[in-house]
Amino acid sequence: MIEGPVRVRFAPSPTGMLHIGGVRTALFDWLLARQTGGQFILRIEDTDRARYTEGAVEDIKESLRWYGLDWDEGPDVGGPAESYFQSQRGSYYSSAAERLIGSGAAYECDCTPQRLARLRAAQQSAGHPPGYDGRCRNRPREEIDHSRRQGLPVVVRMRTPDRGRVSFHDVVRGEVGFDLARLTDFVIMKSDGMPTYHLAHVVDDHEMRITHVLRGEEWISSTPRHILIQRGLGIEAPVYVHLPLILGKDRSKLSKRHGADQALAYRDQGFLPEALFNFLALLGWSPGDDTEVMGRDEIVGRFSLDRVSDSPAIFDPDKLSWMNGVYIRSMGNDELADALLPVLSDPRGGLPESVPRPIDRERVRELTPLIHERLKRLDEAPELLEFFFVDEVSPNPAEIVQRKMDRASTVAALREALDRCRGVDPFEAEVLESVYRALASELGLRAGQLFGSMRVAVTGRRVAPPLFDTMAAVGRGGCAARMERAIEVLEIS
RNA sequence: GCCCCGUUGGUGCAGCGGCCUAGCACGUCGGCCUUUCAAGCCGGAGAUCACGGGUUCGAAUCCCGUACGGGGUACCA
């Protein structure tokens, strides 16, 4: 447990749609902030002009909102450290870079990309590790200024120690050490005047008084660079928490191949944010006992960094589906119906276009109980409810005929069923059941035989919600018409 | 190549030196319920705790090595 409020940030780079791994990181940030009464800050790291993607910032915000991760400072809500876009915080980075140059911790470099590429190629072919060779370490100021006037690109590099070790404490992994000899002078200011990630986030985390840095494990090996920059600037390091990566079921990096990897894809596939929240919380963390289904508040209460796993978390879509089903079943009827309405109305994947819009909300509320516990994802509803909304279904004759029956006996049974249909009063499940149970025994049929034929006749499907509830919902007229149609189908084919 | 991290049934997680004849969940198989499918309930199969050495009275748990997996090694984050 952490004593005192934390300040944590989620700092995505708007280079594409937000990935599910990013949401998990943001979730852990958020949990920590809410648990300790601290602040969760959203900061946009848009220092890479080449990879900037239009719409990515909107996607990040929309994703966080859908998952219920509200930020206390950042875009749209502002805050004391405004701006929360790195592209608008240039002066912080340039003055930090100047200080580093002034103290000799960093220096300017006018090596061209071509030279660096050649250097790298030579190192690789010679079997050496790639890295900057330090050509500009002691170049006189005038030479660099001259290059700048010539329009040559000039960057700022950290002067890294040639030997020694740097080590830091990671909450998840403990003491982690690196040999400085293999860390070459890295760029902190690019030639376009933008800082690199290494400089920018260190400056901002300090400026924004971030206490805990939670990020993916892929960052652990660049942490020594961040320590070096902090030392150069004379600022204190935050607490580092490197979260285990999320891998697919085949233990490779999560990607489109594993199904949805984009944060909002889950919304579009009919998952509930509460289910994803719960599921994602368990990716790299566990409460210590066998509890799995937990609501937001319970997770906020039980979350703890020292229970974060140090081995990768595997994303199991089957388990997510199961959990989503659990959350769907826990919803109230009207709540589910209201969630289903937009899904059913969707022109793509919703009910057929022939069903007039808007879809009747009351009707959906009546039908929801019939599919409630059969649903794992909201987007399964249109398929399950379709036959209630269309005028006619087309039953397959082979499916109407049940085991140990033939066409003739089935037709005879359906004729009787159709006949009884007119006399059922009121036309409700309970009455229907007693009428048709009686019919089955009169005909010498097993209940399953009669009901099976009727089910296919009325719904057009072999698998459907309980027959009599379904019939009551379809109504007397509809049931009669559909049974007539089934008899026809059997007779003409 | 080099550096860093990891390794418990098909899968996810629990286990933090004796309570482990290794627990829970997903999946799977069987049964009950039953008009189909679900849901629910009951039960089963499934792990020499990656491998090899140590330390210890005692190791899934600590140490070393090997194998395998992952991450990093940019004027990307």
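Letters A, B, ... mirror the listed sequences (proteins, then strands); counts begin at 1.
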Quiz item: CZ of A:F279 versus P of B:G27: gap in Å, rounded?
Solution: 12 Å
Self-check item: Salt bridge A:E442-A:R420, side-chain N to carboxylate O under 4.0 Å
Solution: yes
Exercise. Would you kindly say whether A:N324 and A:S321 are connected by a side-chain donor-acceptor distance under 3.5 Å?
Key: no
Quiz item: Can you tell me how far P in B:A50 sits from the matching atom in B:G6, rounded to whole Å?
Solution: 14 Å
Quiz item: Between B:C33 and B:C26, how far is it from one P atom to the other, in whole Å?
Solution: 23 Å
Quiz item: Going 5' to 3' along nucleotides 66-77 of chain B, which nucleotides have protein heavy atoms under 4.0 Å from the base (write B), which only from the sugar-phosphate (write S), and which from neither (write -)?
Solution: ----BSS-SBBB
Practice problem: Can you tell me the distance, in whole Å, between the CE atom of A:M294 and the C1' atom of B:A25? | Solution: 12 Å
Quiz item: Distance between the C1' atoms of B:G10 and B:A74, in whole angstroms?
Solution: 40 Å
Quiz item: Does B:U66 have a Watson-Crick or wobble mate here (both distances under 3.5 Å), and if so which one?
Solution: B:A50
Quiz item: Which part of the nucleic acid does A:P287 contact within heavy-atom distance under 4.0 Å: base, sugar-phosphate only, or nothing?
Solution: nothing
Quiz prompt | Partner nucleotide of B:G40 by Watson-Crick or wobble geometry (both distances under 3.5 Å) | solution = B:C32
Quiz item: Who passes side-chain contact (heavy atoms from CB on, under 4.5 Å) against A:P244, sequence neighbours left out?
Solution: A:R24, A:R173, A:V308
Quiz prompt | A:E292 and A:K319, any side-chain heavy atoms less than 4.5 Å apart | solution = yes
Self-check item: Counterpart base for B:G17, defined by Watson-Crick or G-U wobble contacts under 3.5 Å
Solution: none
Quiz item: Residues in side-chain hydrogen bond (donor to acceptor under 3.5 Å, both in side chains) with A:R182, at least two apart?
Solution: none
Could you run down the sub-3.5 Å N/O contacts of the protein with nucleotides 40-42 of chain B?
from	atom 1	to	atom 2	distance (Å)
B:G40	OP1	A:R329	NH1	3.4

Exercise. Look at A:K190 together with A:D192 and state whether they make a salt bridge at an N to O cut-off of under 4.0 Å.
Key: no
Exercise. Please state the C1' separation for the pair B:G40 and B:A14 - nearest whole angstrom.
Key: 26 Å
Quiz item: What interatomic distance, in whole Å, is found between P of B:C5 and the corresponding atom of B:G9?
Solution: 23 Å
Self-check item: Partner nucleotide, any strand, of B:C2 [Watson-Crick/G-U, under 3.5 Å]
Solution: B:G72
Quiz item: Rounding to the closest angstrom, what is the interatomic distance between B:G69 and B:C64 at atom P?
Solution: 22 Å
Quiz prompt | With A:D110 via side-chain contact (heavy atoms from CB on, under 4.5 Å) - residues at least two apart | solution = A:R135, A:C136, A:R139, A:I144, A:S147, A:V154
Exercise. List for me each residue that meets side-chain contact (heavy atoms from CB on, under 4.5 Å) alongside A:A313, sequence neighbours excluded, and say none if there are none.
Key: A:L283
Result block: side-chain N/O donor-acceptor pairs under 3.5 angstrom for residues 397-405 of chain A, not counting sequence neighbours:
from	atom 1	to	atom 2	distance (Å)
A:Q402	NE2	A:E399	O	3.2
A:Q402	NE2	A:I400	O	3.2

Self-check item: Straight-line distance of A:L375 CG to A:T368 OG1, nearest 0.5 Å
Solution: 9.0 Å
Self-check item: Any side-chain heavy-atom pair of A:I229 and A:F186 under 4.5 Å
Solution: yes
Quiz item: Mapping A:R165 and A:L283 to their closest nucleotides on RNA chain B, which lands nearer the 5' end?
Solution: A:R165
Quiz item: Of the nucleotides B:C4, B:U7, B:U36, which has the atom closest to the A:V463 side chain?
Solution: B:U36
Quiz item: How far, in whole Å, is B:C19 from B:C2 if one measures between their C1' atoms?
Solution: 46 Å
Practice problem: Sequence neighbours left out, what passes ring pair (Phe, Tyr, Trp, His ring centres under 6.0 Å) with A:F277? Give chain and number order. | Solution: A:W30
Quiz item: A:R173 CZ to B:C3 P: how many Å, rounded?
Solution: 19 Å
Quiz item: Contact class for A:G177 (heavy atom, under 4.0 Å): base, sugar-phosphate, or nothing?
Solution: sugar-phosphate
Self-check item: Distance in angstrom units between A:L180 CG and B:C2 C1', rounded
Solution: 15 Å
Produce the list of close N/O pairs, under 3.5 Å, pairing protein atoms with atoms of nucleotides 21-24 of chain B; give distances to one decimal.
from	atom 1	to	atom 2	distance (Å)
B:G23	N2	A:D290	OD1	3.1
B:C24	O4'	A:D290	OD2	3.0

Quiz item: Taking only residues two or more places apart in sequence or in another chain, which ones pass side-chain hydrogen bond (donor to acceptor under 3.5 Å, both in side chains) with A:S95?
Solution: none
Exercise. Check the distance between B:U36's P and A:R374's CZ and give it to me in whole angstrom.
Key: 11 Å
Practice problem: Let me know the distance between CZ of A:F468 and P of B:C37, rounded to the nearest Å. | Solution: 16 Å
Quiz prompt | Contacts of A:V166 that satisfy side-chain contact (heavy atoms from CB on, under 4.5 Å) - sequence neighbours left out | solution = A:F178, A:L180, A:P224, A:I227, A:R231
Quiz item: Taking any strand in view, what nucleotide pairs with B:G9 in a Watson-Crick or G-U wobble way, both distances under 3.5 Å?
Solution: none
Quiz item: Roughly how far apart, to the nearest Å, are B:C42 and B:C16 at atom P?
Solution: 28 Å
Quiz item: With a non-hydrogen cut-off below 4.0 angstrom, is A:R462 in contact with a base, only sugar-phosphate, or nothing?
Solution: base
Self-check item: Length of the CZ-P vector between A:F451 and B:C37, whole Å
Solution: 15 Å
Practice problem: May I ask you to say whether A:E45 pairs ionically with A:R9, meaning some side-chain N is under 4.0 Å from a carboxylate O? | Solution: no
Atom pairs under 3.5 Å, N or O on each side, protein against nucleotides 15-20 of chain B: can you list them with distances?
from	atom 1	to	atom 2	distance (Å)
B:G15	OP1	A:R307	NH1	2.9
B:G15	OP1	A:R307	NH2	2.7
B:C16	N4	A:R307	NH1	3.3

Quiz item: Taking atom P of B:U7 as reference, at what distance in whole Å does atom CD1 of A:I314 sit?
Solution: 11 Å
Quiz prompt | Touch class at under 4.0 angstrom, heavy-atom based, for A:A313 against every strand present | solution = sugar-phosphate
Quiz item: Taking the six-membered ring for Trp, are A:Y436 and A:F468 parallel (under 30°), tilted (30 to 60°) or perpendicular (over 60°)?
Solution: parallel
